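Input: a single structure, listed below in structure tokens.
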Amino acid sequence: MQQQRRRIGILTGGGDCPGLNAVIRAATRSAIYLGYKVVGIRRGFEGLADPVQTMPLTIANTYNILNQGGTILGSTNKGRFSVKVGTNQLRELDPALVAMVRRNLEELEIDGLICIGGDGSLTIAWQLFRAGLPIVGVPKTIDNDLRGTAFTFGFDSAVACAANALDRLHTTAASHERVMVLEVMGRHTGWIALHAGLAGGGDVILIPEIDWTFENVCAKILARQRMGRRFTLIVVAEGARLPDGGLVTADASSADRQVRLGGIGQVVAEEVGRRLDVETRCVVLGHLQRGGEPTYFDRCLSTQYGAHAVRLIEEQKFGQMVSYDPPDMTSVSIEAAIERLHTVDPNGAGVQAARAMAVSFGDTPDYQNPFPNSQIKQETYAEQFNVSPSAIGVSHFDDYE
Ligand code: F6P
């Protein structure tokens, strides 16, 4: 009988995010506990192609990295392995590259590879698994847009950063009676914008999943002014489409990577300022959301993900991605996780709760009944918020008086 080699490889692919090191640490420690040797693959999947780039992972060199941002292995979201390019076009890996990876994994004597990544990296992982390589996945992305798990790690840390930014913008916006626009990440989905808006008290939230217009955004600002609130906080996801359907990009070149989004916040700020003659400012939070230490929730989630990924290898459950199904840790096929994106449900609990807080998504000119299936009276809603329908001048409350 062939002797089991018991060597695990770990790589981090795509954009970095808080919690990567916590996963590396947890997977390394639990693998060593089970008697494996652990090899770190450097610079994402690139480290698996010639020239191979690896480092041993030990208890000693993964010590004290639980709360460290970034990844000690390095990562990349472009290059030879990019299978998601442009605005989400899918490519197949070059068969010669797959053969090279197969040979290198053999030479490294790796019999289980943990791929920590988001939609793009797990699509690469799936293609390698389909080619017969022993792969398990761990769901990483601040965007939270992977299916098959309650949360990806990194998301909570990004939301904490964006909500903290809103707290800070609140006081300066109020002092100067300005409209503040906060642009947050979220390439295809509005999870960060929605959760940061809920946690940080945003007044308008613009996300890719809900079509919006400048008229409706301006109506909300005016309604707030009539109520005596002379400032407004707008949170916009970088991937929210303009009313004409266009995406705002910072760099459209996309030969071996996805287009870089960015700039919609400034467009919103300028247009609102022009239409209402109010002072506006835009803050682009950018990579601050990806840097720094993970929240305690992300540390805990990452640790469970790392330990469970080793368990999947031990049980030879290749082609699976660890999945958080609160309170349990389980797994789903990588294919199911990447089949389509996990987007914000426009009628889901988060959006309904936001609407109940009188948040506008820019899709209607007035307050919308947040609970479409309930018997709640608009009058009750208006009273709760101490809103006089005539004061805000919106048709929704016309029969209130
Ligand atoms: O996918 C995670 C993400 O942070 C997106 O939200 C964002 O569009 C992209 O990565 C930014 O990538 P880069 O680091 O290449 O600018």
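All residue numbers refer to positions in the sequence shown, counting from 1. Because the structure is a prediction, the values reported are computed rather than measured. Indexing begins at 1, ligand by ligand and atom by atom, following the structure's order.
Protein heavy atom at the shortest distance from atom 13 (P) of ligand 1 is H287 NE2, 3.5 Å.
Here the OG1 atom belonging to T87 is positioned 8.5 Å from the NE2 atom belonging to H188, to the nearest 0.5 angstrom. With rounding to the nearest 0.5 Å, the separation of OG1 in T28 from CD1 in I114 is 8.0 Å.
Taking all heavy atoms of E238, M185, Q289 into account, the minimum distance to atom 8 (O) of ligand 1 is reached by E238.
At least one N or O atom of D143 sits closer than 3.5 Å to an N or O atom of ligand 1. Checked against a 3.5 angstrom limit, the closest N/O atoms of R290 and ligand 1 fall inside it.
For ligand 1 and G186, the ligand atoms under 4.0 Å from any heavy atom of the residue are 6 (O).
Within the 4.5 Å cutoff, no side-chain heavy atoms of I234 are placed close to those of L182.
Using cut-offs of 30° and 60° for the angle between ring planes, the F231 and H170 rings count as tilted. Between F155 and F151, the ring planes lie parallel to each other; the angle is under 30°, not in the 30° to 60° tilted range.
Taking 4.0 Å as the cut-off, N77 counts as a neighbour of ligand 1 on heavy-atom distance. Assignment of R257 to the shell around ligand 1 is supported, since a heavy atom sits closer than 4.0 Å. Residue-ligand proximity: G118 is placed with every non-hydrogen atom at 4.0 Å or more from ligand 1.
Among L198, I205, V344, the one residue that satisfies the side chain to side chain contact (heavy atoms under 4.5 Å, CB included) test with V351 is V344.
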